Protein chains: 2
Amino acid sequence: MTLNTSRSTFQNKTPSSVSCEVCMNKTCLIKRNLQTLSNSKFVNQKRTLQIKKGQQFIIEGAPVNGLYFVKQGKVKVFRTGINGKEHIVRFANEGEIIGHRGFGTGDSYSIGAIALEHSVLCCFSKQMLQDVLLENPRFSYDMMLFYANELNKSEAKVKSLSQMMVRERVADMLLYINRKFGSTNGFINLPLSRKEYADYTGTSDEQIIRIFSALKKEKLIIARGKKIGILNIDALKKEISAHNFFLDS
Amino acid sequence: MTLNTSRSTFQNKTPSSVSCEVCMNKTCLIKRNLQTLSNSKFVNQKRTLQIKKGQQFIIEGAPVNGLYFVKQGKVKVFRTGINGKEHIVRFANEGEIIGHRGFGTGDSYSIGAIALEHSVLCCFSKQMLQDVLLENPRFSYDMMLFYANELNKSEAKVKSLSQMMVRERVADMLLYINRKFGSTNGFINLPLSRKEYADYTGTSDEQIIRIFSALKKEKLIIARGKKIGILNIDALKKEISAHNFFLDS
DNA sequence: AATAATAAGTAATAATACTTAGTTTTTAAA
DNA sequence: TTTAAAAACTAAGTATTATTACTTATTATT
């Protein structure tokens with residue numbers, strides 16, 4: 001895996017660009033505000049990027065140059081902590097926004113982002129977005145709601161890390177991943193390494209492996225290589241039922 | 001401590017109401033957008049509430065009726081978890097907003113809020129705020145930025161809970177509280193119970209007590225009843241320096 | 001002022017999680 | 001295809017944290 005800088009990726013405009021008007025991704029916040037934004041040159045100013053599996057397209061600490069909207073594919077968003085240890089903040093699916101935190105705290109990204117599979121991203125520059133946000137209250141309001149939703153999710157995760165034991169967090173995470181990405185033939189649509197599960201859950205690889213091993217023995221999950229399938233979703237839900245919440249996708 | 005409902009508190013309009021135009025609180029987001037909002041009837045539609053120390057003014061799960069802006073005082077915002085155990089999401093100071101997460105997920109508050117000292121709050125109804133946000137892009141944009149900042153803070157806390165040991169988290173928290181609320185005569189301006197420190201840090205009372213005891217022995221902090229003072233701020237910072245970050249206030 | 005309740009503190013024990021050290025399997029590179 | 005590297009797996013040992021059981025001090029109530 002080579003580390004491409006955001007800048008070099010930025011210039012990699014491909015002939016597969018699709019304008020926002022004809023894009024089929026209905027969950028995208030830009031798409032949903034297209035009527036409001038239609039008088040703006042804004043929607044013609046995006047760049048569409050093809051990102052290979054494993055490719056990093058946002059470097060932590062790099063200057064914020066824009067927001068990425070996931071047109072297709074899956075992405076993990078992470079922060080690097082002590083000793084280079086990675087913490088996965090969230091997984092992003094189609095229609096979701098990456099790099100949005102840079103709007104708040106200044107000029108650099110506080111996160112990194114890597115594609116988990118081949119992905120197509122639409123990138124809008126920060127300056128352009130700021131301008132159009134300041135012109136379009138409806139769009140601004142929708143962006144605000146997006147952030148409010150992200151904040152709720154983040155705080156649910158804070159609670160999970162504070163009050164759940166590791167096994168509970170693992171159960172919670174499997175339910176979340178399953179709900180967010182769905183399953184095919186009984187296996188969750190996003191194969192992740194044990195390390196990635198650990199980085200998301202805030203524990204070690206070995207702990208994940210140990211808990212998966214136990215869950216497999218207890219017939220709650222099944223594994224085929226990196227693919228994980230949930231066999232008994234109710235039992236998994238029961239693991240966390242005392243906590244009375246699920247992470248929203 | 002009696003639990004007043006938000007509704008009854010809501011009606012408790014006092015003669016000490018001050019209009020936004022003459023309010024001296026310069027950090028308030030409404031105040032900062034006053035020029036933009038001046039044509040709106042909006043700023044005359046707030047309610048000013050006097051909240052006693054220990055009084056709960058937001059009940060988790062209650063319908064969202066508005067946002068609270070802290071004119072004066074200090075507040076803790078919490079979520080209730082397993083077995084009624086409380087998790088403190090954050091502390092809020094003057095000029096800060098409470099209840100803002102209700103904008104994202106629907107009709108009820110996902111948090112509770114209690115005044116840590118006598119506090120004065122300005123409350124704007126959700127409907128009114130939505131209307132004015134949809135009319136004023138500058139204000140909407142500023143609200144969006146506020147949420148983006150809150151999201152960054154929340155994610156820093158996620159990272160802290162994932163990767164720091166309890167002692168490190170305690171050091172981090174003391175630095176944060178000290179920075180946010182300041183000190184007088186060598187003691188942090190917000191006396192908290194050991195339970196509250198624990199609820200914020202995501203550990204048990206006894207663990208807090210144990211770590212405070214150790215930090216006192218090592219001359220890093222001093223305690224007078226519930227008041228805590230930092231004696232050696234550099235040593236405290238050194239406890240978390242390997243993690244390369246501070247929680248922003 | 002006296003009493004009751006709660007919070008702070010301490011020590012010991014139990015439970016949980018992390019780390020280390022290996023082996024086996026899978027994936028990537030040559 | 002072979003080899004090397006990385007990931008997955010397992011077990012054992014160590015460290016951290018939570019829980020339990022008290023005592024003491026402080027705060028709230030009567």
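To find a chain, count down the sequence lines: A is the first, B the second, and so on, and within it residues start at 1. Since we're looking at a predicted model, the values are computed, not measured. Atom set for the values below is all heavy atoms of this structure, side chains included, hydrogens, waters and symmetry mates excluded.
- Taken from CD1 in A:Ile208 to CE in A:Met173, the straight-line distance is 5.0 Å, to the nearest 0.5 Å.
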With ring pair (Phe, Tyr, Trp, His ring centres under 6.0 Å) as the test, would you mind laying out the steps for B:Tyr176 and B:Phe91 before giving the verdict?
-> CA-CA 10 Å; B:Tyr176 162 67; B:Phe91 299 107; 7.1 Å; no
Checking B:Asp199 against B:Lys195 for the side chain to side chain contact (heavy atoms under 4.5 Å, CB included) test, could you report, in this order, the C-alpha distance in whole Å, the side-chain angles of both residues, the deciding distance, and whether it holds?
CA-CA 6 Å; B:Asp199 291 343; B:Lys195 180 178 178 298; 2.8 Å; yes
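- Listed for the A:Arg169 side chain is a donor-acceptor partner under 3.5 Å among the backbone atoms of A:Met164.
- B:Gln72 meets the side chain to side chain donor-acceptor pair (under 3.5 Å) test with no other residue; sequence neighbours excluded.
- C:dC18 atom C1' lies 13 Å from atom CD1 of A:Ile208, rounded to whole Å.
- Taking atom CD1 of residue A:Ile228 and atom C1' of nucleotide D:dA8, one finds them 11 Å apart after rounding to whole Å.
- Spacing between atom NZ of A:Lys227 and atom P of C:dT27 amounts to 11 Å, rounded to whole angstrom units.
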Heavy-atom contacts, protein to nucleotides 6-17 of chain C, under 4.0 Å, summarised as B (base), S (sugar-phosphate only) or - (none) per nt, yield --SBBBB---SS
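- Note: CG (B:Leu161) to P (D:dT17) measures 12 Å, nearest angstrom.
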Using residues 113-122 of chain B as the side-chain source, report each donor-acceptor pair under 3.5 Å to any protein atom, sequence neighbours left out, with the distance given to one decimal.
from: B:Glu117; atom 1: OE1; to: B:Lys74; atom 2: NZ; distance (Å): 3.4
from: B:Glu117; atom 1: OE2; to: B:Lys74; atom 2: NZ; distance (Å): 3.4
from: B:His118; atom 1: NE2; to: B:Gln50; atom 2: OE1; distance (Å): 2.8
from: B:Ser119; atom 1: OG; to: B:Lys74; atom 2: N; distance (Å): 3.3
from: B:Ser119; atom 1: OG; to: B:Lys74; atom 2: O; distance (Å): 3.4
from: B:Ser119; atom 1: OG; to: B:Glu117; atom 2: O; distance (Å): 2.8

Show me the side-chain donor-acceptor pairs of residues 181-188 of chain B shorter than 3.5 Å, one per line, residues at least two apart or across chains.
from: B:Ser183; atom 1: OG; to: B:Asn178; atom 2: OD1; distance (Å): 2.6
from: B:Thr184; atom 1: OG1; to: B:Asn189; atom 2: OD1; distance (Å): 2.7

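- From one end of the helix from C:dA1-D:dT30 to C:dA30-D:dT1 to the other, with five pairs defining each end axis, the axis direction shifts by 60° (rounded to 10°).
- Pairs engaging residues 210-226 of chain A under the side-chain hydrogen bond (donor to acceptor under 3.5 Å, both in side chains) rule: A:Arg167-A:Glu218, A:Gln207-A:Arg210 [sequence neighbours left out].
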